[in-house]
Undergrad: 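Take a look at this one; I'll ask things after.
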Amino acid sequence: MKRILIPASGAVLATGLLAAGLAGTAQATSDVASDPMAKNAAVAQSIAQYWAESNGAALRAATESNIWDSKDVAKLKSTGGYSADTKPGVVAPIGEEKKTATKSQNVNMPKTIGKVFFVNSKGERKWCSATSIQSRYRNLVSTAGHCVYDTAGNADTMSKWVFVPGYYQGKAPFGIYVGKQAFTHYDFDVYEDFDRDYAFVTVYNGIKFDSGKTSQVNKGEYTAFNGPKWVEKKEITAAEYTAGVSKYGEAGPFQKESITSAPETVGKPAGVTTPEQALKYYTATGIDGVKLTAAEVTEKAYEDAPDGLDNNAQFVGPTKASKASISAEEYKKLLAEKADGKFDGKLWADKDKNGNEIAWYKQQYYIKKWVKSSTKEVYWVETYFIREGSFADAGRLGDAVGGQGFAYNQPTGKYVRVFGYPAAAHPDGHKNFTGITPKWCYGKTTAKTVGSAAKKIEEHIALKCSMTEGADGGPWLLKYSNSKRLGYVNGVTSTFNDQDGNDRVDYISSPYFDGETNTVYKAAANVWSGKIVG
């Protein structure tokens, strides 16, 4: 068990229980942090409508959460490690409260798993994996904390958060369950401590859309309509736009916008013969879409580059900074790469009067890149559609798909079955998964942890598994019965790791579920949510 302490100075310290006496004095006012999501039924219905309209177009447009990148996929370390803080405990799955689990050799996917969908602070539609879990009102979802709280945007809960069990290509066979209240550990909510990267979310009763008649309407009718609706755009020519400005009424005048293509590398313009002219292209917005930009390279690549004004020549203008400020973590990483011969640049560290490093820098080198992007005017006319169906109550989540049990303070070395929807490519670019259907891994957990100062990770447990991002938030099920499709949630996928150094994910990790996890779970498991529609 780890605590985040706040000394009198206000600095944040990460500590363990090795320091005598800290277990009691470090106790926060509460281990539980909770935040509202959809505050009432009207808001919840609008969120469900957002994901359901246009035959689930927003659901299909979402992509995996991608808070991790290739730099985060690292080797597991044996430093740190979890410690159980109370006796082991379990809470039975829905329907198994008084039954004994049976064994089966077949691998069947649980009905309880699905995807959580949300909109992050950048406005991007994203998804993670999740499961329904046992609770008093059968209304609880278990997933990763980073699939609920927007750590990348330094914001609170994700926007428009829903759980769709059994999700498949835009379909919600059991309904859409809108998040009402999110629960996580205080240290994750406040300090983004990934040793507490788990969350439990209460959801309203599910909502199903009873598809009715689709009708084409005018813009006024479209605006006034409160049900599922969408706009289709038909591109037209500039001549049609000019000729028909008043032709379409509320569907026009034709809309117009500028579309800029991504820059492509081109040759140096023929008229550029002096550095002054080149600098003009660089500092200005460009001439005929052409700009001079700088691409960062290693010191050797820079020294090998020729002089001149062409592509890949040395850039000696104002972008060749003598020093670039970097983090202590990057500084240490580059030092290690320098020792291995993988980094050939210069590094500096400023120190205070006591000899402690306080700032870190690296030399940057640039070469010239001439690029061109094109802009075109796009014109279209709009057509408006509504679907005159109705929303119906799909009942409580646990009644619809069941709910997994919950286990905490369990020792490592036990077999678990992990489920999720992996989708991202491996660091080397190979894409083995699509995210369309759920996958699973099976094996014994290990006490090896991911030593990440940036994510404050010290107490994760790990499992040999090649699933990639998209599977994050998926449940680690202890004592999983294939015949009953039930087990005990004993973790959630948090990180993805490359143990053998071949740029392929081969291990995943989860926060260790201890007594404090149980405290958060119990707080969430006893909260009622209610219906969205009657």
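Bear in mind the structure is a predicted one, so any value in this text is a computation, not a measurement. Note that the numbering runs from 1 along the sequence shown for the chain.
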Undergrad: I want to check something: taking the side chain as every heavy atom from C-beta on, are V418 and M467 in contact at a cut-off of under 4.5 Å?
TA: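 Touching, per the 4.5 Å side-chain cut-off.
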
Undergrad: What do the steps show when you test Y177 against R396 for side chain to side chain donor-acceptor pair (under 3.5 Å), and what is the final call?
TA: CA-CA 9 Å; Y177 295 80; R396 299 186 302 181; over 6 Å; no

Undergrad: Is the shortest heavy-atom distance from the side chain of V505 to the side chain of P427 under 4.5 Å?
TA: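 Answer yes - side chains close enough.
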
Undergrad: Compare every heavy atom of P475 with every heavy atom of T131, then report the nearest pair and how far apart it is.
TA: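 Scanning both residues, the minimum pair turns out to be CG2-CB, 3.7 Å.
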
Undergrad: Between K372 and E264, is any pair of side-chain heavy atoms under 4.5 Å apart?
TA: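 Sidechains of E264 and K372: no contact.
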
Undergrad: Donor-acceptor pair, distance only, cut-off 3.5 Å: does the side chain of N497 make one with the backbone of Q499?
TA: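 Not confirmed, N497 side chain does not pair with Q499 backbone.
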
Undergrad: Decide yes or no on salt bridge (Lys or Arg N to Asp or Glu O under 4.0 Å) for E516 and R196, but give the supporting numbers first.
TA: CA-CA 9 Å; E516 293 181 25; R196 302 297 184 183; 3.0 Å; yes

Undergrad: Closest approach of W51 and I176, non-hydrogen atoms and distance?
TA: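 So the two residues come closest at CB-CD1, 4.3 Å.
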
Undergrad: Can a donor-acceptor pair be found, under 3.5 Å and without considering hydrogens, that links the side chain of K439 to the backbone of F433?
TA: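 Between the backbone of F433 and the side chain of K439 there is no qualifying donor-acceptor contact (under 3.5 Å).
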
Undergrad: Taking the ring of Y384 and the ring of Y222, is the distance between their centroids below 6.0 Å?
TA: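 Yes.
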
Undergrad: Closer than 3.5 angstrom, by distance alone: can the side chain of D498 be matched with the main-chain N or O of N502 as a donor-acceptor pair?
TA: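 Flag set: sc D498 to bb N502 pair under 3.5 Å.
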
Undergrad: Between T202 and Y137, is any pair of side-chain heavy atoms under 4.5 Å apart?
TA: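 The answer is no; the side chains never approach within 4.5 Å.
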
Undergrad: For the backbone of L478 and the side chain of N490, can you confirm whether one donor and one acceptor N or O come within less than 3.5 Å of each other?
TA: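 Not confirmed, N490 side chain does not pair with L478 backbone.
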
Undergrad: Taking the side chain from S510 and the backbone from V492, do they hold a donor-acceptor pair closer than 3.5 Å?
TA: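 Between the backbone of V492 and the side chain of S510 there is a qualifying donor-acceptor contact (under 3.5 Å).
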
Undergrad: What do you reckon, are the aromatic ring centroids of F194 and F188 less than 6.0 Å apart?
TA: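 Between F194 and F188, the centre distance is under 6.0 Å.
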
Undergrad: Taking all non-hydrogen atoms of both residues, which atom of V32 and which atom of V520 are closest, and how far apart?
TA: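 Smallest interatomic distance, heavy atoms only, reads CG2-CA, 3.9 Å.
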
Undergrad: Decide if the gap between the ring center of F118 and the ring center of W127 is smaller than 6.0 angstrom.
TA: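 Distance test on ring centres: not under 6.0 Å, no.
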
Undergrad: Tell me every residue that passes side-chain contact (heavy atoms from CB on, under 4.5 Å) with R60, counting only those two or more places apart in sequence or in another chain.
TA: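 R60 satisfies side-chain contact (heavy atoms from CB on, under 4.5 Å) with N55, A57, Y167 only.
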
Undergrad: What residues form a salt bridge (Lys or Arg N to Asp or Glu O under 4.0 Å) with D393, not counting sequence neighbours?
TA: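 By the salt bridge (Lys or Arg N to Asp or Glu O under 4.0 Å) rule, D393 matches no residue at all.
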
Undergrad: More than 12 foreign heavy atoms under 6.0 Å from NZ of K414: is that the case here?
TA: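 Yes, the 6.0 Å shell around NZ holds more than 12 heavy atoms from other groups.
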
Undergrad: Taking the six-membered ring for Trp, are F200 and F183 closer than 6.0 Å centroid to centroid?
TA: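 That pair fails the under 6.0 Å test.
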
Undergrad: Quick one, F419 and M109 - any side-chain contact, counting heavy atoms below 4.5 Å?
TA: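 Yes, their side chains come closer than 4.5 Å.
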
Undergrad: Do side-chain atoms of D399 reach the backbone of G395 as a donor and acceptor pair under 3.5 angstrom?
TA: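 Between the backbone of G395 and the side chain of D399 there is no qualifying donor-acceptor contact (under 3.5 Å).
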
Undergrad: Using the test salt bridge (Lys or Arg N to Asp or Glu O under 4.0 Å), find all partners of R485 that sit at least two apart in sequence or belong to another chain.
TA: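 For R485 there are no salt bridge (Lys or Arg N to Asp or Glu O under 4.0 Å) partners, ignoring immediate neighbours.
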
Undergrad: Which label fits Y198 and H185: parallel for a plane angle under 30°, tilted from 30 to 60°, or perpendicular past 60°?
TA: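 Correct class here is perpendicular.
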
Undergrad: Kindly say whether T445 contributes a backbone atom to a donor-acceptor pair with the side chain of W476 at under 3.5 angstrom?
TA: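 Judged by distance alone, no pair lies under 3.5 Å.
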
Undergrad: Using side-chain contact (heavy atoms from CB on, under 4.5 Å) as the criterion, list what pairs up with N120, not counting sequence neighbours.
TA: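 K122, E124, K126, D150, M158.
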
Undergrad: Under the 3.5 angstrom rule, does the side chain of K180 hit a backbone N or O of S529 as a donor-acceptor pair?
TA: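 Present.
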
Undergrad: Decide if atom NZ of K431 counts as having more than 12 heavy atoms of other residues, nucleotides or ligands within a radius under 6.0 Å.
TA: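 It does: K431 NZ has more than 12 such atoms within range.
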
Undergrad: Cationic tip of R417 within the cone over Y442's six-membered ring, i.e. under 6.0 Å and within 45° of the normal?
TA: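 Cation-pi check for R417 and Y442: passes.
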
Undergrad: Could you walk me through whether D35 and T157 pass the side chain to side chain donor-acceptor pair (under 3.5 Å) test, one step at a time?
TA: CA-CA 7 Å; D35 289 284; T157 55; over 6 Å; no

Undergrad: Treating Q45 as the side-chain partner and A42 as the backbone partner, does any N or O pair qualify as donor plus acceptor under 3.5 Å?
TA: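 No, because the side chain of Q45 does not come within donor-acceptor range (under 3.5 Å) of the backbone of A42.
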
Undergrad: Within a strict 4.5 Å, meaning less than it, do heavy atoms of the D472 and F496 side chains meet?
TA: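 Side-chain contact under 4.5 Å: yes.
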
Undergrad: I'd like to check the side-chain contact (heavy atoms from CB on, under 4.5 Å) partners of K464; sequence neighbours left out, ordered by chain and number.
TA: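 Checked K464 against side-chain contact (heavy atoms from CB on, under 4.5 Å); matches are Y507.
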
Undergrad: Are the side chains of I532 and F391 in touch, meaning some heavy atoms are under 4.5 Å apart?
TA: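 Side chain of I532 against side chain of F391, heavy atoms only: no contact under 4.5 Å found.
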
Undergrad: Identify, with sequence neighbours excluded, every residue that meets side-chain contact (heavy atoms from CB on, under 4.5 Å) alongside Q216.
TA: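 With neighbours one apart ignored, the set is T383, F385.
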
Undergrad: Return yes if some donor-acceptor pair links the side-chain N/O of W380 with the main-chain N/O of T237 below 3.5 Å, else return no.
TA: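 Absent.
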
Undergrad: Minimum heavy-atom separation for S129 to G470, with atom names?
TA: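 Residues S129 and G470, closest heavy atoms: OG-O, 2.7 Å.
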
